Structures are given as structure tokens and as C-alpha cells.
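Just so it is clear, the model here is predicted, and its values are computed rather than measured. Throughout, protein chains are lettered first and strands after them, A, B, ... in sequence-line order, and every chain is numbered starting at 1.
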Amino acid sequence: MESSRLKISVIIKLEPDFSEGNVSYNSDGTLNRAETKSILGPHSAVASMAALHAKVMHGADVSVGTMGPPIAEQALQQSQLLCDADELHLYSDRIFAGADTLATAEVLRTGIDKMHDGEKSDIVFSGHRASDGETGQTGPQTAWKLGYPFFGNVIDFSVDVENRLARVTRLVPIQGLYDVIEEIEAPLPIFITIHPSYKPTFTTVSQRLSFFKCQKEARDRAALYKNYLKTFTAQTLGVDPKLVGLPGSPTIVYRVEKIPRAKTSRMAEIIEGSNQDQIRAVAKKITDMIKVKEI
Amino acid sequence: MEKFDVAIVGGGSAGLAALKQLSNLGKQAVLLESGKAIGSKSISGGILYSKKPKHGRAYNVEDVYGQEFVTEAPLERSITKYILHATSNEKVFSIDLSSAHSYQTNFAYSVLMNKLNTWFAKQAGESAEKYGGGIIPGVHVQSIEWNNGATIVETNELERFQVKAIIAADGVNSEIAELTGARQKFVPEELYQGAKVIIKLPEQIMEQRFNISENDGAAHLFSGDIAQRHIGGGFLYTNRDTISLGGVYHYDSLLEKVVEPYELINKLILNPMVREFVKDEVPQKEEIDKTLPKEEQLRIRFAVSKLIRTWQDLRQSYYSTSGTEDLIKSGKYKTREEIVARLDMIRKDLSSKYRTRFITDYVELEYSAKLVPDGKRCRMKKPNHKNVLFVGDAAGRGIFVGPRIEGINVGIDDAVRAANAISRSLDRNNFDYEYLGGFYAHSVDESPYTRDMKQIDKDYLKIFLNATKDIPKDIIGSRYSMIFKLMSSETFRGLAVGFANILGYDRLLPILESEETYSKVPIELAEKLGKRLTSDYRPSIPSIAERVSKLKYDDDTVSHIKVNKPTSEFMKKMVLLCPTKCYSIEDNQVVLQHEGCIECGTCAPETQWRHPRGEKGISYQYG
Ligand SMILES: Cc1cc2nc3c(=O)[nH]c(=O)nc-3n(C[C@H](O)[C@H](O)[C@H](O)COP(=O)(O)OP(=O)(O)OC[C@H]3O[C@@H](n4cnc5c(N)ncnc54)[C@H](O)[C@@H]3O)c2cc1C
Ligand code: SF4
């Protein structure tokens, strides 16, 4: 029998930390993965926040899964800190290596089916795309494999748990010129990729109280995240080896563009002090710059 | 509309105590605090007292939070020394008032409000959760409405909700009091302005300098020329590894002789005794050679800053027993000697490679200011309005008598009384004016603190006079020597105090609190009996711009203050009296720039004054 509690699943990704000071490049300008710190990808973080929103509003059960090397545990922990997950899944096996988006989707689909004690997820959230050279296809492909209706670019959502209906608000780009906002109602289950601009809001006292309670629980849980973690290999997950890793990846990478190392063009000048003359000097610099730009 | 039993407006020490006490009684309450985080808007001197009055009962902090308060709360130091200094230029005459400080006192700790309120919030929040309540920071209550018997709370951030009763703990500049018409805005005659700075000083240096043991602390009060002829004085309290230094001055005396609040602080810092108290070894960066390539200049700048930070942090740990233990436990260093060697090495590097000099100076961390209600003059006679109960600063309650500065403990006592009254009403489902408000007002009237705000305590006076008994009275040239002499006699003191209390405290105040008592007499004492002190360095006092630049703000786009009359004499005085220089004069009109506002309330008497919206405005790190 299906329980009435909302079941939310989130798929996330460990990504290189592109923030200043954390990223490291090889001498040829390509990313030095070994030295670059990895964190929960920013889009995955937004998806995790959406899951928390569902948890606060409806008291949902949240499961988070990722495919990656053992250190991807860290991303799961960071996601749990954001969404107060009840269950964490890591799909980690050498044979998953070299997977393209389709092969990844196969692993994730199998994993999602194992979440919530094998009960069907009502909503699956994923990030808009990954920051490290992904094409934003993992989400839709996983949705396709799950057989769930897919909604991309979602900026807001609400759920009518009793009637098992979701209402999503999404941005639809019109010929790449501007976005229109579209509101759609759909029966559960559904798959949602969350737009980076999404920000959960809590507008009643009860929602705020429950939000803080979840945040606190999330901190306690994330400190002991291993207690919530289940690690699967290809075998324990029960995926068909032909559908995952390199063998399951029809994509052929023809050529990879180097990430050109950003040249520092800034030449900072520091003018110290706070007296009138120094402030005037700063103001002059700024106005001079603007003048140059205008010309 | 959502319904809750109780709403508490304001998460300072008073509001938080109300929440904890209501939860102790098993009642549901939600506390709304406009600051981004609890503790970010409160400031205090501050010494937190626990009292054991001879008559009546005071509800103390440990009654609310349990005995673990003493063992677990982030308390700075147990204040065991309390010394009053009369100053005149280089001369200082000191009177040990430790006995007056410990009068009817269980304990007194120096505290930093941000840390302490965060701890209070953790305790209160966890208890409140059990009964379906809790703490919501970042929410500003903007009005309260009574509609068909329902009490509705309206905020800038959340949907309206309904409650059965409200505790207004929204501080000295209470909007709730004003909005509901429960009381008039406080006027300068009823207020003090307090301003302070936090100064950094390593633990063991502090202990040596103030002659205190590891957990003990000292309070030093100052009157005399440092007051610059205002009514009030300066204070210096030792925290664990910081010093709180500032002044509390009567607002009307500041209006009369207008002076910038930070100038009063600066004057105190320049006193030779204070200079010696706060001094430390401070690295001073050398100008970087401007002929070097720009990139090299930047590299040097970063290297120096990093080394200095490492040196400062390591030194701070080295001078702290627990800090050193932690460093050794972490395996980074094996012995204290290793730490010293490392410190020396960094120091050498800094001086030889980068020509950094190590000079005697002092280090400020945070500047802050706020109005303080003078409970003797402005405590609400009826601290209730409909089903709203006012507590702490919002109710104008605070004891400021001579060297006694108490507001935190008074607010906690109020909070317990308010929570008890509401709990009783909830049990009976009776929120009638008399049953709730009347009961609370009566309870507050019975508080020993209310008595302290109404009359002179002759036992306290006796202890105070005892502390001053060795001062030759005939050296004080004014009429005060006569009063001193007479008061020193037990019989006369009893009679005089009895008579004075009949006459009324209000009428005595102008004599007790005057330029003479706070300035002239201390100056005379210092001149005639004081020791000449010297200090051979000149502290580099930061400018107000530098002080403000260190503060953390989240500026709102719209101003929370609207000036009523930009040409009024009062508003013109704000140009000097605003502690962060938010006011200036253009074309004979006062202009406000709200971005630097630290929400002290000084300009409130002649402005439409509101707190900024939720999460906006100043966020103090120490408080
Ligand atoms: C310089 C100085 C020195 C002092 N020294 C001492 C001392 O040594 N010992 C002592 O006992 N007392 C001292 N006091 C007094 C003491 O600090 C105060 O009495 C005490 O902090 C007041 O606590 P409170 O909870 O009443 O108010 P506050 O701490 O001011 O708290 C009020 C809270 O309400 C919030 N708020 C306001 N309006 C709203 C709204 N509309 N919606 C939501 N939230 C709102 C504010 O953000 C704030 O957090 C000193 C005060 C000063 C300024
Ligand atoms: S603008 Fe008013 S409230 Fe703000 S800091 Fe200045 S005097 Fe205080």
C-alpha cells in the first residue's frame, strides 16, 4: 500500500569548486582535477533547497543520490545539510567510469527505484545542469528512463498532497529572446529540474518554525551523515553492465575545447586612508575610467 | 489565519527570558526578532547580575535557565573587583566599591550580548519547540491590530497571525509601545545614551595587568574630567580576551553641552590610567616601496597581512591557557616553547623582510551605541496595554544609580513576571485587562527592582559611604562635603533617607545627579587626593569613519527613519549627537543618510523612527 507521505528524491553531483582561490589549472590551461577542491555543485544545491521546501511544506521524506567516486560522499553530506535528507545513496563502481549522460541516467534511474524502500518517488529534483562540462541532459534522460513527465527551468512549485497534484511555475525561453512564465498543473509523479534563480520562501509562522527545525535536524544529521548513507556497486544496484559506464555510453567525444585560463586584466591600485584628498583621488580614478569607457 | 498562544516581540535578553519561562511553564510562544540572527542587535556594558534582595524576590537568570547557566553559558569573567576612579587630567583618585558591587549579589559576570543572547536563544528555542513555538529571526513586527476580539500580529515578512497575548520586549525604542499608544516616546530627560568600544587584549596579559585570576574580572568606573561636564561616566569591564570600554551619559546633559559620543570615549581612552589598561603590542605595517612593480607591491601587501594575522592569532592562543592547550593537543606544537619560537620567527620575518614595526598601541574591534532608559524617570507605571505586556528596556526599566548600572537582570525579572501572568491567563482562558495586565502590573510593582527605581536604599547608601569613609570630607569645597559628613552618621542617614523617600526620589534626583556630583566633586577629589599617572605612548584612536567601516550592515533600500522637521534645533544637534554621523546640514536643513545608522534611537524623539525591516540594518558581532 502506498503511504500518503510525499516522497521526494534528489539527484546531485560533486563538482569542482570554481570559486576564486579553489580552482587549479594544469600548465596547458586544462582543469587540474586532483588539486581543485570539489563541492556540491551549485545547481545541485538549488535542487536540494527545493527538496527542503517540500519537506517544510508537507513533511516529505527526502532521499538524495549521486553517482561518483567515493569522495562524492562529501556532496551527499553537503546536500543533506541543505535538505535534511532521510536517506543518502552513493552509486560508486569502477565500471561506471567514462559514463555519458545516458549511462549516468541508467544508474540514477535504478538508484531512484531503490529509494524510499523501493516505493515510487512522487517528485524527483535535479539541478539545472552541472558546472563541469555537462549538457543538462542527465535530468531529462533520467526522467525519460523513469517514465516521469519532465519539467525544466522550474522557479516555483506547490503540491496538493491529498489530490496528488503538483503545480509548477517555469520559465519558457521564447526564441532565446525573453522568458515567459508558464504555470502548469500535473498529476504526480513528476521530474523537475530547478532553475538557478529559485529561492524557497516561507511566509507563515509555522513554515518558518518548521524550516528552522529542519535546518537544525539537518545539521545534526549531516554531522553523522554516514548513518544515513547507503553505497551501491553495479552489482548491489543490479544494473545491466551493458547499459552503464563506457559500454553504455553512445556519445563519442569528438573534441574537447580547453578551458582557457582567465587572464588577470585587473590592475588593482590601493589608495589608503580616508581623508578628503584620498577619497577625491579614488573618485577621480573612477570618473577617469568611466570617461575612457564612454569614448 | 494561523493561531498561536503568545507572540513575543524582540529577542534581546528580556524577550528570550520570556520565551524560556513560558516554555518552562509548558506554554506555546513564538518570538519574532528583526535582526538577521539573534543577538545581532543588542548591546550592553555589560555586567549581568544575579541578585538576592532582602525584601521581595528577584527572578534571576539562573531561575530561568537553570544552574547550567553558570557552568555552560558563554560568560566572560566573574566580576570581583569594582573600582571607581575620579579623574582630572593626569590625576586619578580611586575608591574601591567592591563591597557596594557585591551588595545583595549572588554573582556578577561580564558578558558580550551577541554570544550570550545566542546561548539564551538556543536554550529558549529548544524548549519552545516542544510546545509548538520557537524563535523566528529576520522578522520585523510592524503593527498589532485588535479586530472583533482577535489580536492580530502583522509583520513585514510573514502572513498575519493571531495570538491570545503579546509580550513586547522590543527594547528602548519600542515601536509596539508607540503604535499601541501604551506610552509616549521617551524624551531626553528620561534617557541615557550609551556608547562603547570593544578592545582586544590577550587573556593572560589582562590577568596580569588587572591583577585578577584566571576566571575573575574587574570593573573600573570613571567620573570627573572624562565626563566633560556631563552627567554620567565611563566604564571599563574585563571580558575573557577583550575589554568593553565606554560611557553612559544622561541625554539631556548631552543636549545641553553637545558633544560627539565617540569624543567622550576618546577622552576616556586618553586618560593615562586607561591608556595603560588597554595598551598592547601592535604590529605596524611599513609603507610599501611604491617604485616596485605593482604586482610585487600586492604580493608584499598580502604576505604581510597574512603573517600579521598568523602572529596575532598565535599570540592570542599563547596568552590563553585553553588556547595553548588546544594548540598542543592539536599536535601543531609540542610545547609552549615551540610556540614562543614560532612567534619569534614570524616577528623576525616581519621586521627584517618587511620592516614591520612593533609598537605600543591598542586595538579596537567594534564600536556601538544605544539609548538606555533611566528607570527612575521613565519606567512605565502601568507596563501593560490591552493584552500586551511590556518588559525590559521597552517598559523603560533599568537601574542607574551612581555606580549601579543594571538593565539585563531587571528585564529578565520582568520577563518572568510577564510569562507567569500570561501562563495564568492561558490556564483560565481569561485575558481580561485586569486578570492579565492588572496582575502583571501588580507583580512588577512588587519587584524589588521597582523599589530600587523609586527610592533610596539606606543599606546600599551605608555601604557606599563606608567605602568612602577615609576621604577627608573638608577637602570637598562644595555643599556636598556637608551632606557626606551628615550621611556618614547612622542616625542621620536613617532619618535623612526616610525623609528623602517621603519627599520623593524625583525631587532628589536633580541634587543627586548633577554636574557637581558627576564632574566637579570627582575633579576636586582627583586634584587634591589623586595620584599623578603617566603613560608614555599615544594611542592611535580610529576616526569615526574607520570605526563605522568595521561594522557589518545589510542596508535597506528605504530609510527606516523620517525626519519630521529638518530645520529644528533638536535635529541640528543630531549632526553631533548621532554616534555614526548619519546627519549633516545642507542649506540649513538636516539631511539623513540612513546607511550608517546603528539604530541607537538618539534621533527618535523628533523623527518617525522605526527599526529596519527584517534582516536589515546593523549586525553587531560582539554587542
Ligand atoms: C552602553 C551600555 C551599557 C550597559 N551596561 C549594562 C550593565 O553593565 N549591566 C546591565 O544589566 N545592563 C546594562 N545596560 C542595559 C542593558 O544592556 C539593557 O537593559 C538590555 O540589554 C535590554 O534588553 P532588552 O531585551 O530589553 O532589549 P534589547 O536588548 O534592546 O532587545 C530588543 C530586541 O527587539 C528587537 N526588536 C525591536 N523592535 C522589533 C520589532 N518591531 N520586531 C521584531 N523585533 C524587534 C531588536 O532587534 C532587539 O533585538 C547597558 C546598556 C548600554 C547601552
Ligand atoms: S540615525 Fe538616529 S538612530 Fe541611527 S545611529 Fe544616528 S542617531 Fe542613532
Quiz item: Tell me, side chain or backbone of B:V139 under 4.5 Å from chain A's heavy atoms, or both, or neither?
Solution: side chain
Quiz prompt | Pick from B:E126, B:E157, B:R160 with the largest number of heavy-atom pairs that fall under 4.5 Å of chain A | solution = B:E126
Self-check item: Option that, when pairs with chain A are counted at under 4.5 Å, heavy atom only, ranks first among B:E159, B:E2, B:Q297
Solution: B:E2
Quiz item: Side chains of B:L158 and A:T204: closer than 4.5 Å at any heavy-atom pair?
Solution: no
Quiz prompt | Close side-chain approach of B:F4 and A:S206, heavy atoms under 4.5 Å | solution = yes
Verify the neighbour count for atom [atom1] of [X]: are there more than 12 heavy atoms of other residues, nucleotides or ligands below 6.0 Å?
X	atom1	value
A:E185	CD	yes
A:D117	CG	no
B:K581	NZ	yes
B:K3	NZ	no

Quiz item: Rounded to the nearest 0.5 Å, how far does CZ of A:F212 lie from CD1 of B:I135?
Solution: 9.5 Å
Quiz item: Can you say whether A:F211 sits under 4.5 Å from chain B via the side chain, the backbone, both, or neither, judging by heavy atoms?
Solution: neither
